[in-house]
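Just below is one structure, and these are the notes that go with it.
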Amino acid sequence: MDNPVQHEVEAHPPGIEDHEERARLLAALYIAQEQYGWLSPEAIQRVADRLHISAGKVQSTASFYTMFRLEPGGKYHIQVCEGVSCYLAGGAEPLINHVSKRLKIKPGETTPDGKFSLEVVECLATCGSGPAIRINDETYEYVTVEKIDELLDGLGK
Amino acid sequence: MFEPVLTRNIHRPYSEKITTYLEHGGYNAVRKAFAGTPEEIIDMVKRSGLRGRGGAGFPAGTKWGFMPKDQDIPKIVAVNTDEGEPGTFKDREIVERDPHQIIEGVIIAAYAIGAGRAYVYIRGEFFLGVKRWIKAIADAYEHGFLGKNILGSGMNLDMSVHRGAGAYICGEETAMLESLEGKRGNPRLKPPYPAQVGLFGLPTLVHNIETLACIPHIIERGPEWFAGIGTEESKGPKIFSVSGHVNRPGNYELPLGISLREIIDEHAGGVRDGKRLKAVIPGGASTPILPANRVDVPMAFETLNAAGSQLGTGAVIVMDETTCMVEIARRLAKFFAHESCGRCTPCRIGSVRLYELLDRIEHGKGKPGDIETILETANGIDGLTFCPMGAALANPARSAIEHFREEFEFHIEHKGCLVKAVYSS
Ligand SMILES: Cc1cc2nc3c(=O)[nH]c(=O)nc-3n(C[C@H](O)[C@H](O)[C@H](O)COP(=O)(O)O)c2cc1C
Ligand code: SF4
Ligand code: FES
């Protein structure tokens, strides 16, 4: 069983049944996000119905966490670390500005074709091998402008 | 030569596998622990002098002793793998490369406090870490180290992994419990402490994974061995994450009490490109900055406090002479402003105010009096907030001004950077 969501959903133990449903909320939001691509109002409502929590509460909880997307993002979600260690290693703004220029979007935006979105993030716990960026689930270390170009070329941009 | 303890296996091939762990003496400590009584185990942890590695340094054995003794009350161990403090990358490495060591620590802790349930909370971004946790737990079940009647001892323990979803504050123990319950990660008011009222209202022992990883070794080799490493008040091995302007950034496991200078110069290969050292953040982004003339300090809780900083998570961030300290303070302030959970006003408003002030100074728009306003704002946050984040966010700006005030003054007066003026000519 390698699937984190399946693991979490099956994990809620006997003895604390009263709390069980609510405790599954983050796992349920991950499932919904996977299915819908983002947490659309429809996805939020489905989670709310399943767990018998109000849609408002689900929305409010989801909005607390940056990994839950309440707006559709790009097919490739690019995150650039602006943490202090990555900055000292030559990362942060030089890399952010480069991606921004190349994709013609600002941080927080998605390209019109829906292919790429850019986000600036704090520390990916890769500080010893920074600058670090992430594209979807993959983290890249020792990133340079050239390496970003190579990665984006490979993704067809 | 110091022999690594916590990282002794991580360079072996397939170090994450249960077979590798078992081949090198893994899970022997559980057997040994079961031969003693829970009280004896708690006593050993107390005598070892082990203090929490999650940042606050609270004595582990004392915390175990706070757990209610009543056997009828279900108890929980909550395992903190939320590592998000900029500069810190030790937990990610140990969970990816030696998760069984942590599970063994959890089993022993659960035995000592009488817990039947363990919840792992892991940072949502740790994709490999999640997989390693899940696989390791499944293998531990298969080998009879988790589940019912563990190794015939009569003890039962269930363990599962739960992912956070991107919020630094969820590393704070009560916020982590809220998040595990499926809520927004707002810290809870203490007391009651988690040892009384924790996850689902049940008494809960919360530990950082590096703390838990120390447990099997304390049981195996004895508390006296552990207490023989380190200083008066800081015992045992510690993983130091070194980043920034050094030749060999990385995680280094060394005895507590080692000098900060030795970590930088010998283990991390010295400052990069032959440059001079300017400043160090010794314990992760929330600990005060130390100037270069204070790096002969031993890396221990008490000595760093005396030197005007904190051991924190032991994440050493090294800055050379070309670093602008206004920019460092600005960047750290931005981090905290972004991560404030918004629950209390001094932190919510103060963190943004600090960032705005530092941002305008950095960009040549500072005004006379801004430095005083920053100090007033920082002092108005520290001590007045719901959780320790308030104190944490006041640290970088305050310490940067304390040690490098002339750089702030130059930025305001000349609308430009002193360091740049010196190093770009
Ligand atoms: C803002 C904030 C963030 C924290 N983040 C973490 C974290 O990511 N990991 C961790 O183990 N402890 C973190 N802590 C410390 C925990 O609250 C708690 O003290 C720790 O998990 C207890 O374990 P220990 O006794 O083993 O250190 C954080 C504390 C604060 C105030
Ligand atoms: S101090 Fe900051 S992070 Fe802590 S509870 Fe208050 S607002 Fe939230
Ligand atoms: S600061 Fe970028 S990964 Fe930690």
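Chain identifiers are assigned alphabetically (A, B, ...) following the order of the sequence lines, protein sequences preceding nucleic acid strands; residue numbering begins at 1 within each chain. Keep in mind it's a predicted model, so treat the numbers as computed, not measured.
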Which region of [X], side chain (C-beta onward) or backbone (N, CA, C, O), has a non-hydrogen atom less than 4.5 Å from a non-hydrogen atom of chain A, or is it both or neither?
X	result
B/T322	neither
B/D320	neither
B/F126	side chain
B/V318	backbone
B/R330	side chain
B/T323	side chain

B/E93, B/R123, B/E83, B/H338: which one forms the most heavy-atom pairs within less than 4.5 Å of chain A?
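Ranked by heavy-atom pairs under 4.5 Å with chain A, first place is B/R123.
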Which of B/G244, B/C341, B/G124, B/A315 touches chain A most, by non-hydrogen pairs under 4.5 Å
B/G124
Check for a donor-acceptor pair, side chain of B/R163 on one end and backbone N or O of A/Y30 on the other, with a separation under 3.5 Å.
no
Under 4.5 Å, counting heavy-atom pairs only, tell me which of A/E82, A/E138, A/M67, A/E122 racks up the most with chain B.
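If we count pairs closer than 4.5 Å to chain B, A/M67 comes out on top.
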Pick whichever of A/S129, A/A89, A/C127 has the most heavy-atom pairs under 4.5 Å with chain B.
A/C127
Considering all heavy atoms, the nearest [X]-[Y] contact:
X	Y	result
B/P86	A/V84	CB-CG1, 4.3 Å
B/F127	A/N136	CE1-O, 4.4 Å
B/G84	A/C123	O-CB, 4.1 Å
A/A23	B/L180	CB-O, 3.6 Å
A/S63	B/R184	OG-NH1, 3.5 Å
A/Y65	B/A165	CB-O, 3.2 Å

Answer whether the closest heavy-atom distance between the side chains of [X] and [Y] falls below 4.5 Å.
X	Y	value
A/R22	B/E181	no
B/I169	A/F64	yes
B/I328	A/L88	yes

Counting neighbours of [atom1] on [X] that are heavy atoms of other residues, nucleotides or ligands and sit closer than 6.0 Å, is the number greater than 12?
X	atom1	answer
A/K147	NZ	yes
B/R348	CZ	yes
A/Q35	CD	yes
A/R46	CZ	no

Could you look at A/T126 and say if it's the side chain, the backbone, both or neither that has a heavy atom under 4.5 Å from chain B?
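For A/T126, heavy atoms of backbone and side chain both lie under 4.5 Å from chain B.
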For A/S60, is it the side chain, the backbone, both, or neither that has a heavy atom closer than 4.5 Å to a heavy atom of chain B?
both
